[in-house]
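For reference, the structure is listed below as structure tokens.
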Amino acid sequence: MTLQQLRYAITISETGSFNKAAEVLYIAQPSLTSSMQELEKELGITIFYRSGRGATLTNDGAEFLSYARQLYSQYESLMEKYGNQSYKKKFGVSTQHYSFAVKAFVELVKHYDSAKYEFAIRETKPVTSSPTSAQ
């Protein structure tokens, strides 16, 4: 069982449909169905009654979903508290030693929140071609 499968099951129960849930989750409906079938097989229960009119929870599914919602809510709380602190988008530039490149990089950095982004500039040495011996 994965957190992703819990999220899928919660979304299906909220939308009442595998098709609608797939749209909300931005995944293909067959992938969603397959994931739920794997989860049901792993747990040994049927979570959803499937029909042409949508999906409804079985008794086992309703009990499972009450636990799944609690667990997923705790996961979201953890991510809110700790998940965003260490994650920064990274942007790096490699350039030869040119003052105009450094100035341009500094101007770019000024326009972005350094709490959300990690910037790096690396100075490289010029590539020189080595003479080849003529034969």
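Remark: the backbone N or O of M1 is paired with a side-chain donor or acceptor of E42 at under 3.5 angstrom. In this structure a side-chain-to-backbone donor-acceptor pair under 3.5 Å is missing from S34 to P30. Not one N or O on the side chain of S35 forms a donor-acceptor pair closer than 3.5 Å with the backbone of L32. Looking at E40, its side chain does come within 3.5 Å of a backbone N or O of I47 through a donor-acceptor pair. In terms of modelled atom types and a separation under 3.5 Å, the side chain of T95 and the main chain of A101 share no donor-acceptor contact.
Here the CG-CD distance, from L3 to E76, works out to 10.0 Å after rounding to the nearest 0.5 Å. Here the OG1-CD1 distance, from T33 to I12, works out to 7.0 Å after rounding to the nearest 0.5 Å. Atoms CD1 and CG, on I45 and L39 in that order, are 7.5 Å from each other to the nearest 0.5 Å. With rounding to the nearest 0.5 angstrom, the CD atom of Q70 is 11.0 Å from the CG atom of L65. Interatomic distance, T11 OG1 to L6 CG, rounded to the nearest 0.5 Å: 10.5 Å. Rounding to the nearest 0.5 Å gives a distance of 10.5 Å between CD of E123 and OH of Y98.
Contact check for Q74 versus L78: no side-chain heavy atoms found under the 4.5 Å cut-off. Residues L25 and R7 meet the side-chain proximity criterion, which asks for heavy atoms closer than 4.5 Å. Taking the side chain as every heavy atom from C-beta outward, T56 and F48 never approach each other to under 4.5 Å.
Between D60 and T46, the shortest heavy-atom contact is CB-O, 4.0 Å. Scanning both residues, A28 and A22, for their nearest heavy atoms gives C-CB, 4.2 Å. Nearest approach of Q5 to M36, heavy atoms of both residues: O-CE, 3.3 Å.
Under a hydrophobic clustering in which Ile, Leu, Val, Met, Phe, Trp and Tyr are joined whenever their side-chain heavy atoms come within less than 4.5 Å, directly or via other members, L71 and Y75 fall into the same cluster.
At a threshold of 4.0 Å, the pair K110-E107 counts as salt-bridged, since one of the basic side-chain nitrogens sits closer than that to a carboxylate oxygen.
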- [ ] Any chance you could lay out the side-chain contact (heavy atoms from CB on, under 4.5 Å) test for Y8 and I27, step after step, and finish with the verdict?
- [x] CA-CA 10 Å; Y8 289 175; I27 63 170; 3.6 Å; yes

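Ring geometry for F119 against Y112 counts as tilted: the plane angle lies between 30° and 60°, on a 0 to 90° scale.
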